[in-house]
Protein chains: 2
Amino acid sequence: MVKRRDGETTELVQTKVAPIPLSPRSRRTPLGAAGPIAVAGQSVHAAVVQEIGLRIVRGDYPPGTILPNEAEWSDSFGVSRSVVREAVKTLTAKNLIASRQKIGSWVEPREYWNLLDRDVLTWYAAAPGNRTFLKTVQEFRAIIEPEAAALAAERRTEAEMETISAACREMGTASTLSNRAAADTRFHLAILKAAGNDLLLPLGAMIDSALLQLFTFITREANDIRHAQSLHEDIEKAIRLQRPEVARRAVKRLLANTDEFINRPSAD
Amino acid sequence: MVKRRDGETTELVQTKVAPIPLSPRSRRTPLGAAGPIAVAGQSVHAAVVQEIGLRIVRGDYPPGTILPNEAEWSDSFGVSRSVVREAVKTLTAKNLIASRQKIGSWVEPREYWNLLDRDVLTWYAAAPGNRTFLKTVQEFRAIIEPEAAALAAERRTEAEMETISAACREMGTASTLSNRAAADTRFHLAILKAAGNDLLLPLGAMIDSALLQLFTFITREANDIRHAQSLHEDIEKAIRLQRPEVARRAVKRLLANTDEFINRPSAD
DNA sequence: TATTACGTTTTATCTGATATATTGGTTGAC
DNA sequence: GTCAACCAATATATCAGATAAAACGTAATA
């Protein structure tokens with residue numbers, strides 16, 4: 001149905017972008033000649049998915065554009081058509097593209113994209129002004145997390161509480177930043193889970209991605225970390241005491257604190 | 001990493017479930033004998049994805065279970081290995097399964113599943129007590145939609161407002177239930193879009209699914225529909241007048257009204 | 001005992017062929 | 001000249017079979 005072709009844009013698109021770059025494995029090139037240079041330590045499939053996905057999210061192929069056909073991808077990446085097809089299926093499952101016989105594959109409208117998917121979000125984060133991305137994420141978290149915490153305060157089981165508390169504790173005692181980030185992620189995920197609504201769980205991937213992004217550019221003085229820690233402990237306490245409204249407000253305070261970091265005119 | 005095998009469970013799983021049923025196309029069976037009975041008007045790929053996905057979400061293969069290998073799927077469905085592999089990629093993209101060489105494919109923990117995906121949600125809705133599902137969806141909507149409406153009231157452009165108003169209008173004048181449901185969906189989607197946060201957009205699929213489910217079991221008297229219509233108009237008005245708080249409350253009223261339907265001890 | 005080597009199994013990737021559907025043009029009738 | 005029916009070209013969809021790579025378990029070895 002949606003197949004507006006954008007005139008010459010398509011032409012531009014179909015320009016052979018680059019002969020090769022991709023993840024190797026055992027390209028049987030006669031003699032190291034043009035050994036596939038790069039790349040990711042991943043599989044060929046994952047590399048192709050990532051490359052096409054990144055280009056789409058980055059805007060190389062605007063929504064509605066007809067993509068190069070399978071044979072062309074196959075040539076330009078130097079992989080078999082099977083790999084291309086499987087990559088296409090993967091991207092289709094994430095709603096980035098769709099395809100039909102005789103037409104080919106095209107880029108779906110942005111509102112179809114499953115931005116909450118871990119991969120898509122990663123590509124998205126890498127694309128435009130990083131600052132905008134973090135603001136978008138924070139705004140979204142501000143919608144979800146206070147309510148999730150409130151629900152968790154009402155419903156958490158003892159086991160779930162223990163998971164939350166343990167994560168909070170480990171945040172305090174973590175020796176490295178990445179350990180702390182991991183515990184932080186676990187903390188928020190545990191709350192989402194304790195909220196007892198299955199539809200909240202998939203949002204964990206987003207928080208995961210977001211925290212990763214955050215920690216790659218915060219790295220502030222210990223002062224702030226201590227403050228952040230106490231904010232986390234407030235949340236833990238409210239959930240432990242089963243005070244939904246208190247939990248809700250505690251999460252809002254934490255998010256407001258994080259917002260401050262993002263809006264500081266330092267980095268970028 | 002995650003590969004707990006659950007002892008005998010695996011055995012049970014690997015039982016050849018059924019020789020064939022699947023979508024046909026041109027199975028070259030010598031003589032109509034055992035022509036592939038069913039099925040979906042979809043492609044073979046889609047049918048395989050749906051069958052495996054449904055079984056997983058339904059609980060036939062609990063998380064951690066090692067699934068039958070590609071050759072076995074291929075045999076039992078009577079399709080080529082390529083189709084099976086592409087189906088596996090699709091399900092992997094939705095985080096239902098994962099796979100590794102020599103191990104095979106296994107079912108991921110439920111908290112990994114991308115329940116917000118249209119397909120997964122459909123399978124999920126078909127699986128357990130339908131009633132529980134609708135409650136889960138409504139609870140989730142209650143978290144998202146009031147805030148989305150408030151944001152929309154702040155930020156909507158004139159064009160977005162027109163889309164919202166048009167959908168609301170068409171809800172009122174729709175002649176058939178399915179037309180009304182379509183306009184209803186458009187209405188909620190337009191608000192999500194007008195909220196101006198990209199991360200909210202993927203949630204449209206869920207609302208879509210939810211409304212579909214709702215309308216398949218409501219079909220009440222015109223009285224209620226008129227009430228629902230005025231509730232929708234309240235939302236439209238609040239967004240038009242750019243009153244975030246009013247919009248938020250109006251959405252809450254609408255959702256509360258919907259909740260009533262669901263909790264009525266009539267159907268089911 | 002610990003460690004290395006190897007064989008087995010399953011996914012990963014490649015190759016090449018056939019089937020099917022849809023578009024766009026062409027032909028022919030009215 | 002308009003419109004319907006036909007036909008060819010082209011892209012995905014599906015099939016078939018082969019080889020590569022990785023990981024587990026086991027046996028051989030130091």
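Both backbone and side-chain heavy atoms feed into the values below; hydrogens, waters and symmetry mates do not. Order of the sequence lines sets the chain letters (A, B, ...), proteins ahead of strands, with each chain counted from 1. Source: prediction; values computed, not measured.
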Check [X] against [Y] and note the closest heavy-atom contact, atom names and distance.
{"X": "B:P202", "Y": "A:W113", "value": "CG-O, 3.6 Å"}
{"X": "B:A205", "Y": "B:L116", "value": "CB-O, 4.0 Å"}
{"X": "B:T163", "Y": "B:A190", "value": "CG2-CB, 4.0 Å"}

Separation of [X] atom [atom1] from [N] atom [atom2], in whole Å?
{"X": "A:D75", "N": "C:dC14", "atom1": "CG", "atom2": "P", "value": "12 Å"}
{"X": "B:W73", "N": "D:dT14", "atom1": "CH2", "atom2": "P", "value": "17 Å"}
{"X": "B:I97", "N": "C:dT10", "atom1": "CD1", "atom2": "P", "value": "16 Å"}
{"X": "A:I66", "N": "C:dT22", "atom1": "CD1", "atom2": "C1'", "value": "12 Å"}

SB check B:R110 A:D198 (cutoff 4.0 Å): yes
Between B:R85 and B:E70, does at least one N-O distance fall below 4.0 Å, as a salt bridge requires?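 B:E70 and B:R85: salt-bridged.
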Please determine whether side chain to side chain contact (heavy atoms under 4.5 Å, CB included) holds for the pair A:W123 and A:V49, giving the CA-CA distance in whole Å, both sets of side-chain angles, and the decisive distance to 0.1 Å. CA-CA 11 Å; A:W123 304 328; A:V49 168; 3.8 Å; yes
Before giving the answer on side chain to side chain contact (heavy atoms under 4.5 Å, CB included), spell out for A:L115 and B:L201 the whole-Å C-alpha distance, their side-chain angles and the decisive distance to 0.1 Å. CA-CA 8 Å; A:L115 228 54; B:L201 294 177; over 6 Å; no
Is any side-chain heavy atom of A:R55 closer than 4.5 Å to one of A:V107?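 SC-SC contact between A:V107 and A:R55 ruled out.
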Give a yes/no answer on whether the side chain of B:S80 brings an N or O atom under 4.0 Å of OP1 or OP2 in D:dT14.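 Answer no for this pair, as no side-chain N or O of B:S80 is under 4.0 Å from OP1 or OP2.
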All N/O contacts under 3.5 Å from nucleotides 9-12 of chain D to the protein, with atom names and distances to one decimal?
{"residue": "D:dA11", "atom": "O5'", "partner": "A:N69", "partner atom": "ND2", "Å": "3.4"}
{"residue": "D:dT12", "atom": "OP2", "partner": "A:E70", "partner atom": "N", "Å": "3.2"}
{"residue": "D:dT12", "atom": "O2", "partner": "A:Q101", "partner atom": "OE1", "Å": "3.3"}

Pairing string of DNA chain D (Watson-Crick or G-U wobble, both atom distances under 3.5 Å; | = paired to other strand) is ||||||||||||||||||||||||||||||
